[in-house]
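First listed ligand is number 1; within each ligand, the first listed atom is number 1. The structure presented is a predicted model; accordingly, all values stated were derived computationally and were not measured.
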Amino acid sequence: MELLQPDDWSEALELRAAHPGALPLWGGTDVMVDLNFGRARPEAILDLTRVRELAEWSESDGTLRIGAGVSYTTAIADLGERLPGLAAASRTVGSPQIRNRGTIGGNLGSSSPAGDAPPPLYAGDAEVELASATGTRRLPVAEFITGPKRNVLAPDELIAAVHVRPTPGAQQFSKIGTRNAMVIAVCSFALELDPAARRVGTCIGSAAPTPVRAGEAEAFAAEALDWDGGGALAPDTAARFGQLVAEAARPIDDVRGSAAYRRHALSVLARRTLSWAWSEQCA
Ligand SMILES: Cc1cc2nc3c(=O)[nH]c(=O)nc-3n(C[C@H](O)[C@H](O)[C@H](O)COP(=O)(O)OP(=O)(O)OC[C@H]3O[C@@H](n4cnc5c(N)ncnc54)[C@H](O)[C@@H]3O)c2cc1C
């Protein structure tokens with residue numbers, strides 16, 4: 001197997017165009033597992049780890065640009081205040097070693113419905129920046145992932161970055177697993193409140209072929225929350241929100257949990273995260 005190691009971004013894009021069968025790699029926490037289990041046998045590996053700018057993030061005009069090679073550890077340490085939802089999701093990923101190596105871009109590249117980075121990015125209307133030797137394009141993260149382990153990346157493209165604005169209000173993320181660490185989500189839920197726009201963003205993880213927004217739940221909560229008064233969250237509002245989130249899921253029975261359990265768990269996660277976020281917002 002050939003190992004391609006570009007030293008900078010333009011060389012990476014040229015190599016990608018010249019070797020469309022090469023598998024990109026950053027942390028390798030998904031790629032190496034697939035190689036070791038014989039699930040992938042690419043003709044070449046495109047190792048991006050020398051492209052240091054991929055591991056950088058920046059902020060301009062009220063938007064964060066997070067390079068595809070930004071690790072979970074960096075997201076927690078550097079972006080925790082700006083993106084508490086993404087940081088909370090990052091804290092649940094694997095172990096310290098996996099969080100040091102694993103990246104936001106790699107999680108998007110794998111496009112697993114159970115990935116922990118996408119839900120907060122969906123809830124925050126993030127965009128993915130894709131690049132090839134001929135140019136770049138940006139698209140909503142929800143249009144990037146098209147199915148389990150499938151996405152719209154063209155054979156000559158790489159993920160350059162994610163664009164998302166810093167939190168406009170409270171953000172929460174909650175995940176159910178069979179234990180507290182080193183576990184793939186049975187289901188997860190991300191929530192974002194934007195009091196200025198009176199908007200509620202959500203995303204369900206690991207309970208549909210892709211991460212999915214709970215649109216009806218978002219519209220219901222945006223209408224029902226007492227944005228002006230900041231009064232306590234009514235139990236009926238929390239319960240209805242949980243019910244609408246559960247209805248938006250399309251879970252299956254699998255080794256990690258049954259569809260019925262996932263729906264029930266999501267209604268609980270949704271109620272809890274809304275109540276935590278609302279208390280934080282009104283504090
Ligand atoms: C023990 C263990 C525990 C884990 N726990 C979790 C968990 O709790 N939650 C979770 O979500 N995931 C978990 N994972 C999965 C994995 O760590 C994450 O998906 C991680 O984000 C992958 O990032 P990476 O940089 O290692 O990606 P890599 O393995 O390097 O790549 C992953 C995929 O993305 C592609 N890719 C990478 N970078 C680019 C790029 N710039 N452009 C285009 N394609 C690219 C690769 O070709 C590959 O298809 C775990 C993995 C292990 C081994």
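- Residue contact check: Leu25 has heavy atoms under 4.0 Å from atoms 30 (O) of ligand 1.
- Judged by distance alone, the side chain of Asp253 and the main-chain N or O of Ala259 form a donor-acceptor pair under 3.5 Å.
- Polar contact with ligand 1: present for Gly28 (N/O pair, distance under 3.5 Å).
- For ligand 1, the atoms closer than 4.0 angstrom to any heavy atom of Gly27 are 24 (P), 25 (O), 26 (O), 30 (O).
- Atom 31 (O) of ligand 1 has Val31 CG2, 3.5 Å as its closest protein atom, hydrogens excluded (heavy atom only).
- Heavy-atom proximity to atom 15 (C) of ligand 1, evaluated over Val93, Thr103, Leu158, Asp30, is greatest for Asp30.
- Within ligand 1, the atoms closer than 4.0 Å to a non-hydrogen atom of Ser110 are 32 (C), 33 (C), 34 (O), numbered from 1 in the order shown.
- A salt bridge does not link Asp7 with Arg52: none of the charged nitrogens is closer than 4.0 Å to a carboxylate oxygen.
- Per-residue contacts place Leu48 under 4.0 angstrom from the following atoms of ligand 1 (heavy atoms of the residue considered): 40 (C), 41 (N).
- In the hydrophobic cluster analysis, where Ile, Leu, Val, Met, Phe, Trp and Tyr join through side-chain heavy atoms closer than 4.5 angstrom, Phe173 is grouped apart from Val245.
- Arg16 has no carboxylate O lying under 4.0 Å from a charged side-chain N of Glu157, or vice versa, which leaves the two without a salt bridge.
- Residue Pro24 holds the heavy atom nearest to atom 36 (N) of ligand 1 of all those in Pro24, Ala68, Ala181.
- Note: Glu192 CD to Thr273 OG1 = 12.5 Å, rounded to the nearest 0.5 Å.
- Within the 4.0 Å heavy-atom criterion, the part of Ile98 lying near ligand 1 is the side chain and not the backbone.
- Using a cut-off of 4.0 Å between Lys/Arg side-chain N and Asp/Glu carboxylate O, Asp34 and Arg41 are scored as not salt-bridged.
- Remark: side-chain polar atoms of Arg263 are not paired, donor with acceptor, to backbone N or O of Pro251 under 3.5 angstrom.
- Between Glu129 and Arg65 there is a salt bridge, since at least one side-chain N of the basic residue sits less than 4.0 Å from a carboxylate O of the acidic one.
- No part of Glu157 comes within 4.0 Å of ligand 1, judged by heavy-atom distances.
- Glu218 and Arg199 are not joined by a salt bridge, as no carboxylate oxygen comes within less than 4.0 angstrom of a charged side-chain nitrogen.
- Of the heavy atoms in Thr92, only backbone atoms (N, CA, C, O) come closer than 4.0 Å to ligand 1.
- Short contacts between ligand 1 and Gly94, defined as distances under 4.0 Å to a heavy atom of the residue, involve ligand atoms 3 (C), 5 (N), 6 (C), 7 (C), 8 (O).
- The heavy atom nearest to atom 40 (C) of ligand 1, out of those in Ile159, Asp116, Asn107, is found in Ile159.
- Remark: distances from the non-hydrogen atoms of Leu46 to ligand 1 are all 4.0 Å or more.
- The shortest contact between atom 21 (O) of ligand 1 and any protein heavy atom is with Tyr72 OH, 2.5 Å.
- Between the OG atom of Ser111 and the CG atom of Leu153 there is a distance of 8.5 Å, given to the nearest 0.5 Å.
- Evaluated by nearest non-hydrogen atom to atom 38 (N) of ligand 1, the leading choice among Gly109, Gly106, Ser90, Gly115 is Gly106.
- Judged purely by atom type and a 3.5 angstrom limit, Arg213 uses its side chain to pair as donor or acceptor with the backbone of Thr202.
- Residue contact check: Val183 has heavy atoms under 4.0 Å from atoms 8 (O) of ligand 1.
- Put simply, the side chain of Glu53 reaches to within 4.5 Å of the side chain of Trp9, judged on heavy atoms.
- Every atom of ligand 1 with a heavy atom of Leu23 under 4.0 Å away is listed here by number and element: 47 (O).
- Look at Lys175 and you'll find a heavy atom under 4.0 Å from some atom of ligand 1.
- Heavy atoms of Ile104 found under 4.0 angstrom from ligand 1: none, in either backbone or side chain.
- Proximity of a side-chain donor or acceptor of Arg256 to a complementary backbone N or O of Ala185 within less than 3.5 Å is detected.
- Nearest protein heavy-atom contact of atom 16 (C) of ligand 1 is Thr29 OG1, 3.2 Å.
- Of all protein heavy atoms, the one lying nearest to atom 1 (C) of ligand 1 is Met182 CE, 3.5 Å.
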